[in-house]
Amino acid sequence: MKQLRWKDFSLVSKIVIEVGMIAVLLFAMNMLFYVRINNSMQKMDNVYASNAELTELSQVFEKVQDNMYKYLKVKNSQTLLDYYQNEAKYRNELEKLNEDNINDPVKLLERNIRKMSETYLDCTAETVAAKRGRNVEQYKRKYDDATKLYRYIQSSIDELNNLMFQENSRTYAVLRAVMRYLEISNSVIMIIIVAGGMLLLIQATRNMFVPLSNMAETAQLVGQGNFHVKMHDTDAQDELGTVTRAFNTMVENLDLYMARTKASMEKEQQMMERELLMENHLKEAQLKYLQSQINPHFLFNSLNAGAQLAMMEDAEQTGIFVEKMADFFRYNVKKGQEDATLGEELEAVDNYIYILNVRFAGDIHFSKEVDESLENVRMPSMILQPVVENAVNHGIRDIEWEGKIHLTVTGDADYIRISVKDNGKGMTQEQIEGVLSGNRERRNEEGDSTGIGMNNVISRLELYYEESGLMEINSEGEGKGTEAVIYIPVHEN
C-alpha cells in the first residue's frame with residue numbers, strides 16, 4: 001500500500017488538518033498548564049505537612065509522659081496499657097525522624113531528638129518496671145531522670161518546629177513564585193502557538209497560490225518562444241502537483257524537439273572542426289618534415305644513387321648511412337597523412353638514432369625492450385620519433401656524463417604503455433606542466449629538430465583516440481633524467 005504523504009492531500013484537507021492541529025495544541029497546552037498548577041498546589045499543601053507531623057509527635061510524647069505519671073500515681077492496668085500503646089505509637093513516630101549524621105541544622109536536631117527519645121523511653125520503661133517491683137527509691141529516681149529528659153526533648157521539639165516553620169515559609173514563597181512563572185510562561189506559550197498557527201495558515205495558503213502565480217509567469221515565457229523554462233519538479237498528488245507535471249511535460253516535449261535539432265547541428269559542426277584540426281596538425285607535421293621536398297621522388301632516387309655509388313667505391317658505412325636517410329624520409333613522406341603500425345614507428349626511431357650516431361660519432365646510447373606481439377597495433381604516425389628526439393635534444397645533449405635513452409613497450413588488456421626514459425638534465429614540475437598543457441614548447445636552438453614538437457604529438461594522440469591524458473611526463477628534478485610515457489588504447493585498435 002502506497003504511503004500517503006502530506007503533499008498528496010487535497011488543498012481542502014490540508015487546511016482542515018492544519019486548523020485541527022492548532023486546536024489540539026491549544027488543548028494540550030491548557031491540560032499541561034492544569035497539571036503543572038495542580039502539582040504546585042500539591043507541593044504547597046505538603047509544605048506544612050511536616051509541621052503537622054511534628055505536632056503529632058509532640059502530642060504523643062506528652063501522652064507517654066502523662067500515662068507514666070498516672071501509672072505511678074494510680075497503678076492500674078488501664079493506665080499501664082495506655083502507656084504501652086502511646087509508647088509504641090511514639091516509637092513509630094520517631095522512625096520518621098532522621099537518624100544519619102547530616103550537616104543540616106534541621107536534620108541534626110531530628111537526629112538528637114530521636115537519640116534522646118530512645119534514652120527517654122528506656123528510662124520510662126525502667127521507671128515502670130521499678131514501680132511494678134515496688135522499688136520506691138528507684139522509680140522515684142528514674143522518674144526524675146525521665147522528667148528532665150522530657151522537658152529537654154520537648155524544648156528541642158519546639159525548636160525543631162520553629163526551624164521547620166521558617167524553612168517551610170521560604171519554600172512556600174518559592175512555590176508562589178513558581179506558580180507566577182507558570183502563569184506567565186503559559187500565557188507566552190499560548191501567544192506563540194496562536195501566532196505560529198496563523199503563520200502556518202498563511203504559509204499553507206501561500207504554498208497554494210504561489211505555484212499558480214509562477215505557472216502563469218512561466219506560461220507567458222513559453223508563449224514568447226522560451227522553451228527552456230519550466231516549473232519545479234514535484235511528485236505531489238494534489239491538484240497543484242497534477243497541473244505542474246502536465247505543464248512541465250508539455251514544455252519538455254517542446255524543448256526536446258528544439259534540443260535535438262540544435263544537438264544535431266552542433267555535432268555536425270564539431271565533427272567538421274575536428275576533421276579540420278586533425279588535418280591541420282598532420283599538415284603541420286608534414287610541412288615541417290618536408291620543407292625541402294619540391295620533388296620527393298627525386299630526393300629518394302638521388303639518395304639511393306648516392307648509396308649505390310658509395311657501395312661501388314667500398315664506402316660501406318656511407319652507403320648504409322645514405323640508405324637509412326632515404327628510409328627515414330621515405331617513411332615521413334609515406335606516413336604523413338595516414339596511421340602506421342607500432343613496428344613501423346619503432347623502425348623510424350631506429351633509423352633516426354642511426355643517423356644521429358653517424359653525425360655524433362656514436363654518442364647516443366639507445367636501447368629498447370619491446371613486446372613483439374604488439375608491433376602490429378596501429379597508431380598515429382610520427383609519434384615516437386619526436387619523443388625520442390626530445391629526449392636527445394633536451395635530455396642528454398651537452399651533459400657531462402654518459403647519456404642513455406631506453407625505450408620499453410609493454411601492454412595489458414586496456415592500454416599499450418610506451419616509455420622513453422633518459423638519464424639527462426631532467427625537468428622541473430613547472431616545465432612538465434607547461435609541456436603537457438601546451439603552454440610551453442621546447443625547441444631546439446641548434447636546428448637539429450625535425451620540427452614536430454611535443455604539443456603536436458599530444459594533440460594528435462587526443463584527436464586520433466578522442467581521449468585525453470594519453471601522455472605523461474615524469475622527472476625527479478634537474479639532473480635526474482626524464483621519462484615520457486605514451487598510452488595507446490587497445491580497444492581503439
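This structure is a prediction, so every number in the text was calculated from the model and none was measured. Counting begins at 1 with the first residue of the sequence.
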Within this structure, what is the [atom1]-[atom2] distance for the pair [X] and [Y], rounded to the nearest 0.5 Å?
X      : Y      : atom1 : atom2 : value
Ile488 : Arg378 : CD1   : CZ    : 12.5 Å
Ile157 : Leu54  : CD1   : CG    : 6.5 Å
Lys142 : Asn135 : NZ    : CG    : 10.5 Å

For the backbone of [Y] and the side chain of [X], can you confirm whether one donor and one acceptor N or O come within less than 3.5 Å of each other?
X      : Y      : result
Ser475 : Thr482 : no
Asn98  : Asp100 : yes
Trp401 : Ile396 : no

Residue pair Thr147 / Gln65, side-chain heavy-atom distance below 4.5 Å: yes
Do other residues, nucleotides or ligands put more than 12 heavy atoms under 6.0 Å from the [atom1] atom of [X]?
X      : atom1 : result
Tyr69  : OH    : no
Gln85  : CD    : yes
Glu478 : CD    : no
Lys63  : NZ    : no
Lys75  : NZ    : yes
Glu137 : CD    : no
Gln269 : CD    : yes
Lys131 : NZ    : yes

Can you name the nearest heavy-atom pair linking [X] to [Y], along with the distance?
X      : Y      : answer
Val435 : Met454 : CG1-CB, 3.9 Å
Glu467 : Tyr415 : OE2-OH, 2.6 Å
Ser367 : His406 : OG-ND1, 2.6 Å
Ile405 : Val420 : CG2-CG1, 4.0 Å

Answer yes if the side chains of [X] and [Y] hold a donor-acceptor pair under 3.5 Å, and no otherwise.
X      : Y      : value
Glu483 : Ser419 : yes
Asn76  : Thr79  : yes
Asp82  : Asn67  : no
Gln154 : Ser58  : yes

Passing option when Glu99 is tested against Arg111, Lys107, Arg114 for salt bridge (Lys or Arg N to Asp or Glu O under 4.0 Å): Arg114
Residues Thr124, Tyr83; criterion side-chain hydrogen bond (donor to acceptor under 3.5 Å, both in side chains); working and verdict: CA-CA 10 Å; Thr124 57; Tyr83 164 77; 2.8 Å; yes
Proximity of Phe61 and Tyr90 rings by center, below 6.0 Å: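 Yes; Tyr90 has its ring centre under 6.0 Å from that of Phe61.
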Aromatic ring proximity, centroids under 6.0 angstrom, Tyr152 and Tyr120: no
